[in-house]
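Below, all heavy atoms of this structure are taken into account, side chains as well, without hydrogens, waters or symmetry copies. As the structure is a prediction and not an experimental result, all values here were calculated from the model.
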Amino acid sequence: MALQTAIGYPEFARLIRHGSRDFGIDLDEAAVGRLFMYFQELRRWNRKMNLISRETAEQAIVEKHFVDSLALLMLLDEKQDCLLDVGSGAGFPGLVCKIARPEMAVRLLEPRLKRVSFLRHVIRCCELTDISVQSCRLEDLSAGEGEPRFTCIACRAVSDVVHFLALCERFYAADRRVICMKGPKFREEIDACQGVFDPWQLETLYEYNLPFSGSSRALVSFKGSAR
């Protein structure tokens with residue numbers, strides 16, 4: 001099934017601005033224009049490869065992928081943080097955050113080569129700098145590899161909290177954070193940890209609802225604890 005109900009720039013701009021304002025995030029005209037270009041390329045590429053579900057209505061794509069990705073910016077500092085987005089897929093959340101906050105350094109990890117090609121294509125189309133795409137999994141990344149040094153590791157629907165924290169353990173640093181973007185069952189995952197996150201400490205638990213569907217979401221942030 002093809003993507004439903006083609007959305008043009010005016011409606012896209014209205015939706016993305018409405019959604020981002022719910023998080024206290026303002027988007028300038030340049031950012032909205034680049035996000036729309038990204039949205040158009042996603043629609044075009046998705047006809048040939050499964051970047052996202054082809055059955056998803058376009059307003060839902062804006063909300064569940066673009067707007068939801070912007071929520072991560074509530075916990076990031078554009079000028080201080082360097083984001084490592086693990087399992088970027090079609091660029092959510094890392095590429096969306098980069099377009100919205102172009103001064104922030106972003107590194108995308110995505111093992112699937114077709115998606116890597118798509119990400120690099122959008123980066124070129126949007127003329128973004130200080131962003132890279134690496135075709136690998138977090139397990140394959142050397143602990144001290146890469147510049148600039150990332151301050152935040154984020155994942156969105158990649159893994160459960162316990163497994164992801166375990167993968168991040170060798171990247172431990174006292175000033176580094178791990179942020180998991182979760183759906184409505186996030187409390188079950190946290191309870192399953194039984195409060196043991198060593199060497200990470202639960203720092204922030206921010207619950208929110210998506211602006212149009214009301215779907216429940218959470219940002220679960222951990223920081224490096226003293227060893």
Side-chain angles (χ1 to χ4, degrees), residues 2-17 19-20 23 25-73 76 78 81-138 141 146 148 150 152-158 181:
L3 292 175
Q4 306 165 7
T5 314
I7 289 177
Y9 177 78
E11 178 65 2
F12 177 88
R14 184 188 72 80
L15 293 171
I16 201 78
R17 284 201 168 103
S20 63
F23 306 136
I25 297 167
D26 291 323
L27 298 173
D28 61 25
E29 195 66 34
V32 174
R34 288 191 176 97
L35 287 170
F36 182 64
M37 182 185 299
Y38 177 8
F39 176 69
Q40 288 180 303
E41 292 304 306
L42 178 67
R43 289 192 301 195
R44 187 168 69 86
W45 282 59
N46 205 54
R47 298 187 190 108
K48 299 178 181 179
M49 67 174 73
N50 287 325
L51 294 169
I52 58 174
S53 172
R54 294 177 181 173
E55 298 182 2
T56 307
E58 293 198 347
Q59 178 171 318
I61 293 172
V62 177
E63 179 189 43
K64 294 182 179 180
H65 295 296
F66 287 82
V67 172
D68 191 29
S69 292
L70 290 170
L72 181 60
L73 291 175
L76 298 178
E78 176 181 6
D81 279 316
C82 173
L83 172 65
L84 177 68
D85 177 20
V86 177
S88 294
F92 309 115
L95 187 50
V96 173
C97 289
K98 175 63 181 180
I99 293 173
R101 294 292 181 261
E103 291 187 29
M104 184 170 62
V106 173
R107 186 176 182 188
L108 309 177
L109 290 189
E110 171 51 50
R112 292 162 291 188
L113 292 177
K114 289 184 178 180
R115 287 165 172 77
V116 168
S117 296
F118 171 73
L119 294 171
R120 288 174 175 162
H121 170 73
V122 175
I123 288 169
R124 288 193 299 270
C125 288
C126 293
E127 300 180 334
L128 301 175
T129 59
D130 206 7
I131 180 171
S132 64
V133 186
Q134 191 161 345
S135 178
C136 71
R137 301 179 185 275
L138 185 63
L141 191 67
F150 49 88
C152 177
I153 308 172
C155 74
R156 181 175 180 263
V158 170
M181 303 184 73

> Looking at Leu83 and Gly94, what are the two nearest heavy atoms and their distance?
Replying inline: CD2-CA, 4.1 Å
> Less than 4.5 Å apart, any side-chain heavy atom of Phe39 and any of Ile7?
Replying inline: yes
> Can you name the closest pair of heavy atoms from Phe12 and Val32 and give their distance?
Replying inline: CE2-O, 4.0 Å
>> Using every non-hydrogen atom in the two residues, find where Met104 and Cys97 come nearest and quote the distance to one decimal.
In response: CE-CB, 3.9 Å
>> Between Arg156 and His65, is the side-chain contact (heavy atoms from CB on, under 4.5 Å) condition met? List the steps.
In response: CA-CA 10 Å; Arg156 181 175 180 263; His65 295 296; 3.5 Å; yes
> If you measure from CG on Asp68 to CD1 on Ile61, what distance do you get to the nearest 0.5 Å?
Replying inline: 14.0 Å
>> Using only atom types and a distance under 3.5 Å, with no angle test, would you say the side chain of Arg115 pairs donor to acceptor with the backbone of Asn50?
In response: yes
> With sequence neighbours left out, what residues match Phe118 under ring pair (Phe, Tyr, Trp, His ring centres under 6.0 Å)?
Replying inline: Trp45
>> Test of understanding: with salt bridge (charged side-chain N to carboxylate O under 4.0 Å, His left out), list the residues that count as partners of Glu63, not counting sequence neighbours.
In response: none
>> Please enumerate all residues that pass side chain to side chain donor-acceptor pair (under 3.5 Å) together with Glu11, with sequence neighbours excluded.
In response: Arg14
> Partners of Ser88 by side chain to side chain donor-acceptor pair (under 3.5 Å), sequence neighbours excluded?
Replying inline: Asp85
>> Checking Arg120 now: which residues fulfil salt bridge (charged side-chain N to carboxylate O under 4.0 Å, His left out) with it, not counting sequence neighbours?
In response: none
> Can you name the closest pair of heavy atoms from Pro111 and Arg137 and give their distance?
Replying inline: CB-CG, 3.8 Å
> With a 4.5 Å limit on heavy-atom distance, are the side chains of Cys136 and Leu109 in contact?
Replying inline: yes
> Are Leu95 and Ile131 close enough that some pair of their side-chain heavy atoms sits under 4.5 Å apart?
Replying inline: yes
>> What I'd like to find out is whether the side chain of Met49 reaches to under 4.5 Å of the side chain of Arg112, using heavy atoms alone.
In response: no
>> Between Arg101 and Glu103 (salt bridge meaning N to carboxylate O under 4.0 Å), is one present in this structure?
In response: no
> Is a side-chain donor or acceptor of Glu110 paired with a backbone partner of Gly89 at a separation under 3.5 angstrom?
Replying inline: yes
>> Restricting to side chain to side chain donor-acceptor pair (under 3.5 Å), what partner residues turn up for Glu29, sequence neighbours left out?
In response: Tyr9, Arg17
> Which pair of non-hydrogen atoms, one from Ser69 and one from Pro93, has the smallest distance, and what is that distance?
Replying inline: OG-CA, 3.3 Å
> Given side chains that start at C-beta, do those of Leu70 and Leu27 come closer than 4.5 Å, heavy atoms only?
Replying inline: yes
>> Tell me if a side-chain donor or acceptor on Arg107 pairs with a main-chain N or O of Cys82 at a distance below 3.5 Å.
In response: no
> Is the shortest heavy-atom distance from the side chain of Phe23 to the side chain of Leu73 under 4.5 Å?
Replying inline: no
> Distance-only, no hydrogens or angles: does the Lys98 side chain make a donor-acceptor pair with backbone N or O of Thr129 under 3.5 Å?
Replying inline: yes
> Centres of the Tyr38 and Phe92 rings: under 6.0 Å?
Replying inline: yes
